[in-house]
Amino acid sequence: MSAHATVTPQPARQGDLVPADSARATPSARARRRRIRPATLLTPLGSLGAAIGVWYAVSYLLLSPARRFLVPPPHQVLTVSFLDWTHLQPMLQALWLTARVALVGLVIASALGVTGAVLMSRARWLERTLYPYAVLLQTVPILAIVPLIGLWFGFGFTSRVVVCVMIALFPMIANTLFGIHSVDRAHHDLFTLQRASRWARLRKLELPAALPSVFTGLRTSSGLSVIGAIVGDMFFKQGEPGIGTLLDVYRSRLQSEDLFAAILLASLFGISVFALFTLIARLAVGSWHASADRP
């Protein structure tokens, strides 16, 4: 047998181990993962049906007819509130105001959070100085400082936005800073060999590598911003009413159907915002980040 015999590569057989990177790079495998499976839809639909069943059980089995106003059945909420335009219109108008407050607060919190994280990543002393205040902002009871916010910024739109920013700021700082600090050391060494400037390192390496973490913080902050907008509506009632203001009004008047309808609308809005930013994250980083390979 010749010492220079050519070894012909054999095709992979079923059961052979294939490197994870090569399997991940296969477009057909990725396309199969992205197909919507029936279980993906059946699971949330089943949980929704179970929740409605529990709702009916509480209304009709646990509550007497005289106390059923505490938890009205779903069909009553649908007919009284959602299908009656005189009840639904003020809810939609209030929800639109709450959405504007949440959006403005999220934009400000995102800009401040990313900028602050980048500045803290540039200097260790700056991180040790500023990060404790970011933690303090997250841990302070927001309801305890609501009177101060009202005194400083009034009791209208501005104060509602301030509450959103305070609640949504910390996840943006923490996740962005974590993403910047988590860049692979080998990549840093490569930029060092190329004698890249700090600005080039930040722009071409650290910020792109931190994008998945930034979007994780953005998804978290988007939900917190909606909560902050509703809390601000309840305490700062000057100007147009938000959905939080209507929740307080319906509670005081014992309008149970409208109260449940407003809660459902606010919940659907929060879920929609979270889903929107999840989709944006998939479109922005899904083509190269490992999160795109999740089934």
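From a predicted model like this one, the values you see are computed outputs, not experimental measurements.
A pairwise comparison of heavy atoms in Asn175 and Gly217 identifies ND2-CA, 3.5 Å as the closest pair. Here the closest heavy-atom approach between residue Asp84 and residue Val80 is recorded as CB-O, 3.3 Å. Nearest approach of Ile180 to Val183, heavy atoms of both residues: O-CG2, 3.3 Å. Summarising the geometry of Cys164 relative to Gly105, their closest heavy-atom pair is CB-CA, 3.9 Å, with the distance given to 0.1 Å. Taking every heavy atom of both residues into account, Leu97 and Gly242 meet most closely at CD2-N, 3.8 Å. Residues Val163 and Gly228 share a closest heavy-atom pair of CG1-O, 3.6 Å.
No continuous path of hydrophobic side-chain contacts links Leu48 to Ile263 [ILVMFWY only; heavy atoms under 4.5 Å]. In this structure, Leu112 is a member of the same hydrophobic cluster as Leu137, with clusters built from ILVMFWY side-chain heavy atoms closer than 4.5 Å. In the hydrophobic cluster analysis, where Ile, Leu, Val, Met, Phe, Trp and Tyr join through side-chain heavy atoms closer than 4.5 angstrom, Leu95 is grouped apart from Ile271. Both Val135 and Met120 sit in one connected hydrophobic cluster of ILVMFWY residues. Membership requires side-chain heavy atoms under 4.5 Å apart, directly or through other members. Hydrophobic clustering (side-chain heavy atoms under 4.5 Å, transitive across Ile, Leu, Val, Met, Phe, Trp, Tyr) groups Trp152 together with Phe155.
Between His87 atom NE2 and Leu92 atom CG the span is 13.0 Å, to the nearest 0.5 Å. Here CG of Leu148 is found 10.0 Å from CZ of Phe153. Values are rounded to the nearest 0.5 Å. Rounded to the nearest 0.5 Å, atoms CG (Leu247) and OH (Tyr250) are 8.5 Å apart. To the nearest 0.5 Å, atoms CD (Gln138) and CE (Met166) are separated by 10.0 Å. To the nearest 0.5 angstrom, Leu70 atom CG is 8.5 Å from Leu254 atom CG. Interatomic distance, Leu218 CG to Ile280 CD1, rounded to the nearest 0.5 Å: 7.5 Å.
Although no hydrogens or angles enter the test, the distance criterion places a donor-acceptor pair under 3.5 Å between the side chain of Ser252 and the main chain of Val249. Using modelled atom types, no side-chain atom of Ser225 and backbone atom of Ser221 make a donor-acceptor pair closer than 3.5 Å. Side-chain N or O atoms of Arg68 include one that pairs as donor or acceptor with a backbone N or O of Ser59 at under 3.5 Å. Counting only distance, with no hydrogens or angles, the side chain of Thr176 and the backbone of Ile173 share no donor-acceptor pair below 3.5 Å.
Counting heavy atoms of neighbouring residues, nucleotides and ligands inside a 6.0 Å radius, atom CH2 of Trp199 does not exceed 12 of them. By the 6.0 Å contact criterion, CZ on Phe82 is enclosed, its count of non-hydrogen atoms from other residues, nucleotides or ligands being greater than 12.
Between Phe170 and Leu224, the closest side-chain pair of non-hydrogen atoms is not below 4.5 Å. Contact check for Glu240 versus Arg100: side-chain heavy atoms found under the 4.5 Å cut-off. The side-chain heavy atoms of Leu177 and Tyr131, taken from C-beta on, include a pair separated by under 4.5 Å. A 4.5 Å side-chain heavy-atom check between Leu106 and Val226 finds every atom pair outside the cut-off. Between Thr278 and Phe215, every side-chain heavy-atom pair lies at or beyond the 4.5 Å cut-off.
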* Could you go through the side chain to side chain contact (heavy atoms under 4.5 Å, CB included) check for Thr158 and Phe236 one step at a time? => CA-CA 9 Å; Thr158 303; Phe236 306 116; over 6 Å; no

* Evaluate side chain to side chain contact (heavy atoms under 4.5 Å, CB included) for Met172 paired with Val214, printing each intermediate quantity in order. => CA-CA 7 Å; Met172 292 303 305; Val214 171; 4.2 Å; yes

* Can Ser121 and Glu127 be said to form a side chain to side chain contact (heavy atoms under 4.5 Å, CB included), step by step? -> CA-CA 7 Å; Ser121 69; Glu127 180 180 350; over 6 Å; no

* To do: Please lay out, stage by stage, how Leu246 and Leu259 fare under the test side chain to side chain contact (heavy atoms under 4.5 Å, CB included).
  => CA-CA 8 Å; Leu246 291 188; Leu259 179 60; over 6 Å; no

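Tyr56 and His75 have parallel rings, their planes meeting at less than 30° on a 0 to 90° scale where 60° marks the start of perpendicular.
Remark: the Thr98 side chain and the Asp233 side chain contain an N/O donor-acceptor pair separated by less than 3.5 Å. A side-chain N or O of Asp258 and one of Ser81 form a donor-acceptor pair less than 3.5 Å apart.
Aromatic pair Phe260/Trp55: centroids less than 6.0 angstrom apart.
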